[in-house]
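Note that these values count all heavy atoms, side chains included, but never hydrogens, waters or copies made by symmetry.
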Amino acid sequence: MKLSAALPAAAVVAACALTACSDDGGSTVDYAPTPTVTDTMAMPSSDGAVAAGANEIVISGFAYTVPATVAPGAQVTIRNTDTAEHTVTADTGGTFDIEIEGGETATLTVPPTPGTYPFHCTYHPNMHGDLTVG
């Protein structure tokens, strides 16, 4: 039977084809360089906190990161990186009260009068911060 003789020949051809495709160890492969990614979002610091930008309050790990000083009347972005809802609520005078869902951002218009404005989260009494307007 010629069919049985053809099967071993087909196996030899297949084995040769596979061998031809294998790496012989002497060639090098030229891969494209790894692209550089520039991310404009704030990255976590070594302690896991997320850094805030110049006009940004970041809520992360049930804590506020606040810029050192903001200009009177400036727009400040509040970024909540937690999954829980939080607020940025002035301690006195009802100066500001911003509610922000987990993973969302909101905008706060800073008071026009220079000074330090203590604030808290109405949902989490351990969360406090100071907004310095100057």
Side-chain angles (χ1 to χ4, degrees):
M1 293 190 158
K2 290 186 178 184
L3 183 59
S4 62
L7 284 176
V12 169
V13 170
C16 289
L18 288 174
T19 303
C21 292
S22 69
D23 185 6
D24 65 359
S27 63
T28 59
V29 179
D30 187 18
Y31 293 102
T34 304
T36 301
V37 178
T38 303
D39 188 357
T40 58
M41 297 297 291
M43 298 300 291
S45 66
S46 60
D47 65 358
V50 177
N55 273 358
E56 183 177 52
I57 295 172
V58 176
I59 304 169
S60 178
F62 289 78
Y64 298 107
T65 302
V66 183
T69 304
V70 294
Q75 296 287 308
V76 173
T77 299
I78 303 169
R79 185 165 39 106
N80 183 359
T81 65
D82 289 342
T83 57
E85 182 177 0
H86 294 292
T87 69
V88 176
T89 305
D91 287 355
T92 59
T95 309
F96 51 86
D97 185 11
I98 306 293
E99 188 173 314
I100 181 167
E101 297 286 332
E104 299 290 326
T105 60
T107 302
L108 165 67
T109 301
V110 173
T113 306
T116 299
Y117 295 85
F119 63 89
H120 63 279
C121 176
T122 58
Y123 301 123
H124 307 99
N126 61 318
M127 293 177 63
H128 296 275
D130 290 307
L131 180 63
T132 302
V133 177

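- Shown here are the ring-ring contact (aromatic ring centres under 6.0 Å, His included) partners of His124, two or more places apart in sequence or in another chain: Phe62, His86.
- Remark: the backbone N or O of Gly102 is not paired with any side-chain donor or acceptor of Asp82 at under 3.5 angstrom.
- In this structure, the separation between CZ on Arg79 and CD on Glu104 is 12.5 Å, given to the nearest 0.5 Å.
- The shortest non-hydrogen separation linking Asn80 to Glu101 is ND2-O, 3.3 Å.
- Nearest heavy atom pair, residue Pro72 against residue Val133, reads CA-CG1, 3.5 Å.
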(request) Just do the side chain to side chain contact (heavy atoms under 4.5 Å, CB included) check on Asp97 and Glu99 with the steps written out, would you? (result) CA-CA 7 Å; Asp97 185 11; Glu99 188 173 314; 5.7 Å; no

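- Scanning both residues, Tyr64 and Gly129, for their nearest heavy atoms gives CD1-N, 4.0 Å.
- Between Phe96 and Val88 the shortest heavy-atom distance is CD1-O, 3.6 Å.
- The line from CG of Leu108 to CD1 of Ile98 is 5.0 Å long, rounded to the nearest 0.5 Å.
- The heavy-atom pair separating Val110 from Ala71 by the smallest distance is CG1-O, 3.8 Å.
- Of all heavy-atom pairs spanning Thr107 and Gln75, the tightest one is CG2-OE1, 2.8 Å.
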(request) Go through the steps for Met127 and Phe119 under the test side chain to side chain contact (heavy atoms under 4.5 Å, CB included), then give the verdict. (result) CA-CA 9 Å; Met127 293 177 63; Phe119 63 89; over 6 Å; no

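- Partner Leu131 forms a side chain to side chain contact (heavy atoms under 4.5 Å, CB included) with one of Thr69, Val70, Thr116 and no other, that one being Val70.
- A donor-acceptor pair under 3.5 Å links the side-chain atoms of Thr81 to the main chain of Ile59, judged by distance alone.
- Between the OG1 atom in Thr77 and the CD atom in Glu56 there is a gap of 6.0 Å [rounded to 0.5 Å].
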(message) Using the rule given for side chain to side chain contact (heavy atoms under 4.5 Å, CB included), can you reason through Thr87 versus Ile100, listing the C-alpha separation, both sets of side-chain angles and the distance that settles it, and then say yes or no?
(response) CA-CA 6 Å; Thr87 69; Ile100 181 167; over 6 Å; no

